There are 2 protein chains.
Amino acid sequence: MPPMSADSAKRAMERPLQEPDAQAEAFAVVRQAHQMESTEDYVELIDDLITSQGEARLVEVAERLGISQPSAGKTIARLQREGYVTSEPYRSIFLTEKGKSLADKSRERHDVVYKFLLKIGVSDATAKIDSEGVEHHVSEETLDAFRRIIDAG
Amino acid sequence: MPPMSADSAKRAMERPLQEPDAQAEAFAVVRQAHQMESTEDYVELIDDLITSQGEARLVEVAERLGISQPSAGKTIARLQREGYVTSEPYRSIFLTEKGKSLADKSRERHDVVYKFLLKIGVSDATAKIDSEGVEHHVSEETLDAFRRIIDAG
DNA sequence: TCGTAAATTTAGCCATGGCTTAGTTTATAC
DNA sequence: GTATAAACTAAGCCATGGCTAAATTTACGA
Ligand SMILES: [Mn+2]
Ligand SMILES: [Mn+2]
Ligand SMILES: [Mn+2]
Ligand SMILES: [Mn+2]
């Protein structure tokens, strides 16, 4: 073992390692969230497009995600396999019950995060950007804390 | 275009779509964050292990990430290719200057998120879990807002 | 010292989600 | 109605990050 610097010794005292199991569990939760992340973003976007424009076309989904049409199309195919959307070749995309319900849940959570960031003084542009990533990693407990602050005055 | 429900009409008014470019940019930022995410988690963990236990062994990195040793080993190999760590076969893992500096930056940001969650009333266990994911998606602007709240009273 | 256990590496599997290029179908404008 | 443009699909590439099984190296205790 190499010798320890004064700073390192101090940091080791103030910031002890977690239990291995607890730490592994936290990373597992993050991996699980990432597995759902693109599904959530897609169904939320599809639902928003249907609401705002009457239908969700692949070309618009791809443009708003900032990826190529074939990439978006491949993920839509997975979502169809998994029962979140339906669509026939060359036609627009629809949400199943399962997809609609996930979209509603995701939008609600996304909105809480977005409004919370605005509430604590983050700019609108930054709140939009940060909430797009953060939304997938907040537990119900944290969302409740966010809601309390949104509702406080 | 199918007809619109009353709820949908209301939602379309209250929650208009973003500009396509702005929305695409937000998703691009999230994808960029995800590209750095495992790198940040690894160097932060390796640095913590070196500080607390004198060295970082693959077996411990894998255990704390909750993944198999070969999976961790493969990512360590990438980190070495990219200049974040060094290690010789069957030996422990060291951080380069680049790796150490990323570890310090990541730990600082992680700690801000963790302390912020505690401050707004989230439990310790949940704060540990949520901060592990959220840390990668908070901008400097949002971190400053978090710091203000941590420092307030 | 030497045999066994632990740690590490190697090889190869899989899913996801990016990409480009080229072909096909549908929509539009004249 | 038909030519052209737009939208979509098909095929195939790549990197990441999971996994298991098997080989190899190192560490350790008797
Ligand atoms: Mn969202
Ligand atoms: Mn998102
Ligand atoms: Mn994430
Ligand atoms: Mn993390």
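Predicted model, so just to flag it, every value in this text is computed and none were measured.
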Visitor: Describe the nucleic acid contact of A/Gln32 in one word from base, sugar-phosphate, nothing, applying a heavy-atom distance below 4.0 Å.
Guide: nothing
Visitor: B/Ile67 CD1 to C/dA7 P: how many Å, rounded?
Guide: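 These atoms are roughly 16 Å apart.
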Visitor: Between A/His34 and A/Arg91, name the one whose nearest nucleotide on DNA chain C is closer to the 5' end.
Guide: A/His34
Visitor: Report the nucleotide, chosen from C/dG18, C/dT25, C/dT20, that has the shortest atom-to-atom distance to any side-chain atom of A/Tyr90.
Guide: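 Closest nucleotide to the A/Tyr90 side chain: C/dT25.
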Visitor: From C/dA7, D/dG17, D/dG18, pick the nucleotide closest to the side chain of B/Ser38?
Guide: D/dG17
Visitor: Around atom NZ of B/Lys119, are there more than 12 heavy atoms of other residues, nucleotides or ligands at under 6.0 Å?
Guide: yes
Visitor: Please list, by residue number, the residues of residues 72-81 of chain B whose heavy atoms come closer than 4.0 Å to an atom of DNA chain D; answer none if no residue qualifies.
Guide: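 Only B/Lys74, B/Arg78, B/Arg81 qualify.
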Visitor: Please report, rounded to the nearest Å, how far the P atom of C/dA7 is from the CZ atom of B/Arg64.
Guide: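 Rounding to the nearest Å, CZ of B/Arg64 and P of C/dA7 are 14 Å apart.
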Visitor: Pick the closest DNA chain C nucleotide for A/Ser68 and for A/Pro89 by heavy atoms, then say which residue is nearer the 5' end.
Guide: A/Ser68
Visitor: Regarding A/Pro70, tell me which of base, sugar-phosphate or nothing describes its non-hydrogen contacts under 4.0 Å with the strands shown.
Guide: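 Answer is base: heavy atoms of A/Pro70 come under 4.0 Å of a base.
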Visitor: Look at the side chain of A/Ser52 and the backbone N and O of A/Asp48, then say whether any donor-acceptor pair between them is shorter than 3.5 Å.
Guide: yes
Visitor: My understanding is that only residues two or more places apart in sequence, or in another chain, count here; which of them pass ring-ring contact (aromatic ring centres under 6.0 Å, His included) with B/His137?
Guide: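 Applying ring-ring contact (aromatic ring centres under 6.0 Å, His included) to B/His137 gives A/His137, B/His34.
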Visitor: What's the CD-P distance between A/Glu60 and C/dA27, to the nearest Å?
Guide: 17 Å
Visitor: Take B/Arg57 and B/Ser71, find for each the nucleotide of DNA chain D with the closest heavy atom, and name the residue whose nucleotide sits nearer the 5' end.
Guide: B/Ser71
Visitor: Just how far, in rounded Å, is P of C/dA15 from CZ of A/Arg31?
Guide: 18 Å
Visitor: Look at B/Arg147 together with B/Glu108 and state whether they make a salt bridge at an N to O cut-off of under 4.0 Å.
Guide: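 The answer is yes: the pair qualifies as a salt bridge.
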Visitor: Check the distance between D/dA5's P and A/Gln69's CD and give it to me in whole angstrom.
Guide: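 Atom CD in A/Gln69 sits about 17 Å away from atom P in D/dA5.
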Visitor: Could you give the CG-to-P distance, from A/Asp41 to C/dG18, as a whole number of Å?
Guide: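 After rounding, the gap between these two atoms is 10 Å.
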Visitor: For A/Lys98, look at atom NZ and say whether over 12 heavy atoms of other residues, nucleotides or ligands are found less than 6.0 Å away.
Guide: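 More than 12 heavy atoms, drawn from other residues, nucleotides or ligands, come within 6.0 Å of this atom.
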Visitor: To the nearest Å, give me how far apart CD (A/Gln35) and P (C/dT16) are.
Guide: 8 Å
Visitor: With a sphere of 6.0 Å drawn around NZ of A/Lys100, does it hold more than 12 non-hydrogen atoms of other residues, nucleotides or ligands?
Guide: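 Correct, the count exceeds 12.
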Visitor: Tell me: CG of A/Leu58 to P of D/dT9, nearest whole Å?
Guide: 6 Å
Visitor: When you check the side-chain N and O atoms of A/Thr39 and A/Arg78, is any donor under 3.5 Å from an acceptor?
Guide: yes
